[in-house]
J.: 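I have a structure I would like to understand better, so I am pasting it below and will then ask my questions one at a time.
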Amino acid sequence: MASSQEKITVYNLADLKNTSDDAIPNYLNSLKFRPSHRLTDVRLALGYTAFLLAGACFLWDYKFGFDATKWYTAAAVALYSAINGALTLWIFYVERGTVYIGTAPSGETLRITSETPRKTLPEYHLTVEIEGKKGGKKETLVVTGSFTDWFDAVGHFVAPPFQSMLASAVPVIGKHDPKRVAPAEEAASAYTPEMLDALSKASVSAVSSAAETASGAESTPGKKGGKRRKA
């Protein structure tokens, strides 16, 4: 799909970043990259462990009373605090804004983190860490782009320029989607605001036409039976 049907507020930096972040897994998975869910799994395990511990603490306090379980409750509170502390450290120091970890069909491993520095203009900064096949050479790339390059004036996300930025700046991605690789001299200005609007309108029009066609086909009843005979 060239453009998303949902609009965001173009002045909301969090919406711009989150929408762009969500587009990265969708794009790479469409190129047959294999995503890794290890970071998410660890975060969920820590979160659910803390939740189950709190639930168990409530149940034994309800059943046996506070006096009989106060030492267990104190231990549970300490353990709960430790788990939540570990979860916070995991998010800030291990995940570090990671939006994607996966393996390319050719064997390289990618880790992509994103940020939007507030000390500069509202730009999208990606750090792409690449590890060669079977623990080979490691490489770090920094990719920077302006949100206006892939959002149109009314807030539609337009996929082609965003994908072109990734494919052009990261060779591992470009190798698996060569049609999106733009020449160096054209990469920064390959899509003008007018082109973004045209792509967005074309996508919205195509989806609307398909929806109308499907709706018309469902609402047209089939003719059954023959002519009514006169009595």
Side-chain angles (χ1 to χ4, degrees), residues 4 6 8-9 11-104 107-120 122-132 134-135 138-145 147 157 162 166 170 172-173:
S4 68
E6 296 183 1
I8 66 167
T9 303
Y11 304 106
N12 189 321
L13 189 58
D15 282 352
L16 293 170
K17 179 182 181 299
N18 292 336
T19 302
S20 302
D21 287 348
D22 292 342
I24 293 176
N26 293 337
Y27 174 47
L28 296 183
N29 292 342
S30 72
L31 300 179
K32 309 303 180 183
F33 280 64
R34 298 191 307 275
S36 169
H37 303 290
R38 181 178 63 88
L39 295 180
T40 304
D41 291 343
V42 172
R43 187 202 300 186
L44 289 175
L46 290 171
Y48 279 119
T49 300
F51 173 78
L52 292 174
L53 183 62
C57 183
F58 169 79
L59 288 176
W60 71 53
D61 181 69
Y62 177 80
K63 185 173 183 179
F64 300 107
F66 175 76
D67 290 335
T69 60
K70 58 184 177 181
W71 296 112
Y72 297 103
T73 300
V77 169
L79 185 56
Y80 180 87
S81 300
I83 293 174
N84 273 280
L87 179 59
T88 301
L89 293 174
W90 179 266
I91 292 173
F92 280 98
Y93 294 102
V94 179
E95 293 189 1
R96 295 182 289 112
T98 299
V99 296
Y100 188 82
I101 294 181
T103 304
E108 298 89 348
T109 300
L110 275 73
R111 174 174 178 153
I112 302 176
T113 60
S114 71
E115 62 177 341
T116 50
R118 297 186 180 276
K119 295 182 179 180
T120 62
E123 293 183 332
Y124 191 55
H125 287 212
L126 294 176
T127 300
V128 184
E129 301 173 17
I130 305 171
E131 183 177 336
K134 299 180 180 179
K138 294 183 179 180
E139 180 182 10
T140 300
L141 302 174
V142 177
V143 182
T144 302
F147 290 111
F157 175 81
F162 184 75
L166 291 173
V170 184
V172 174
I173 299 176

J.: Not counting sequence neighbours, list each pair that qualifies as a salt bridge (charged side-chain N to carboxylate O under 4.0 Å, His left out) and has a residue in residues 12-22.
T.: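 Sorted pair list: K17-D21.
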J.: Side-chain contact test, heavy atoms from C-beta onward, threshold under 4.5 Å: evaluate it for V128 versus L110 and give yes or no.
T.: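 Contact flag for V128/L110 side chains = yes.
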J.: Does any non-hydrogen side-chain atom of W90 lie less than 4.5 Å from one of V42?
T.: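 Yes, close enough: below the 4.5 Å cut-off.
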J.: Output the distance between atom CG (L126) and atom OG1 (T144), rounded to the nearest 0.5 Å.
T.: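 L126 atom CG to T144 atom OG1 measures 8.0 Å (nearest 0.5 Å).
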J.: So, for F162 and S20, which heavy atoms are closest and what is the spacing to 0.1 Å?
T.: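 Between these two residues, the closest heavy atoms are CZ-O, 3.5 Å.
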J.: Could you check whether any side-chain heavy atom of Y11 comes within less than 4.5 Å of a side-chain heavy atom of L16, counting everything from C-beta outward?
T.: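 Side-chain contact under 4.5 Å: no.
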J.: As an exercise, state the distance from CD of E115 to NE2 of H125, rounded to the nearest 0.5 Å.
T.: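 Here the interatomic distance stands at 7.0 Å.
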J.: For the residue pair W60 and A76, what are the closest heavy atoms and their distance?
T.: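 Minimum heavy-atom contact is CZ2-CB, 4.0 Å.
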J.: May I have all residue pairs that pass side-chain hydrogen bond (donor to acceptor under 3.5 Å, both in side chains) and include part of residues 32-51, sequence neighbours excluded?
T.: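 Every pair satisfying side-chain hydrogen bond (donor to acceptor under 3.5 Å, both in side chains) with a residue in residues 32-51: R43-E95.
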J.: Nearest 0.5 Å, please: how far is CG in L166 from CG in L141?
T.: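 So the gap between those two atoms works out to 11.5 Å.
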J.: With rounding to the nearest 0.5 Å, note down the distance linking CG in L59 to CZ in F64.
T.: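 Atom-to-atom, L59:CG and F64:CZ are 10.0 Å apart.
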J.: Work out which heavy atom in L28 is nearest to a heavy atom in I112; give both atom names and the distance.
T.: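 Distance-wise, the nearest heavy atoms are CD1-CD1, 3.9 Å.
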J.: Enter the distance from R96:CZ to L39:CG here, rounded to the nearest 0.5 Å.
T.: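 That separation rounds to 9.5 Å.
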J.: Hey, what do you get for OG1 (T109) to CZ (F33), rounding to the nearest 0.5 Å?
T.: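 With rounding to 0.5 Å, OG1 (T109) is 10.5 Å from CZ (F33).
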J.: Show every salt bridge (charged side-chain N to carboxylate O under 4.0 Å, His left out) that has at least one partner inside residues 63-92, sequence neighbours left out.
T.: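 Salt bridge (charged side-chain N to carboxylate O under 4.0 Å, His left out) check on residues 63-92 returns no pairs.
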J.: If every non-hydrogen atom of E108 is compared with every non-hydrogen atom of G132, which pair is closest and at what distance?
T.: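 That would be CG-CA, 4.3 Å.
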J.: Provide the closest heavy-atom pair for V99 versus P25 in the form atom of the first, atom of the second, distance.
T.: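 Answer, listing the atom of V99 first, then P25: O-CG, 3.8 Å.
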J.: Please check if any side-chain donor atom of N26 sits under 3.5 Å from a side-chain acceptor atom of Y100, or the reverse.
T.: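 Not at all, the side chains of N26 and Y100 share no donor-acceptor pair under 3.5 Å.
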J.: When the ring planes of Y124 and F147 are compared, do they come out parallel, tilted or perpendicular, using 30° and 60° as the limits?
T.: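 The arrangement is tilted - the two ring planes meet at 30° to 60°.
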J.: Determine whether T98 and I101 make a side-chain contact, defined as any pair of heavy atoms from C-beta on separated by less than 4.5 Å.
T.: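 T98 vs I101: side chains touch.
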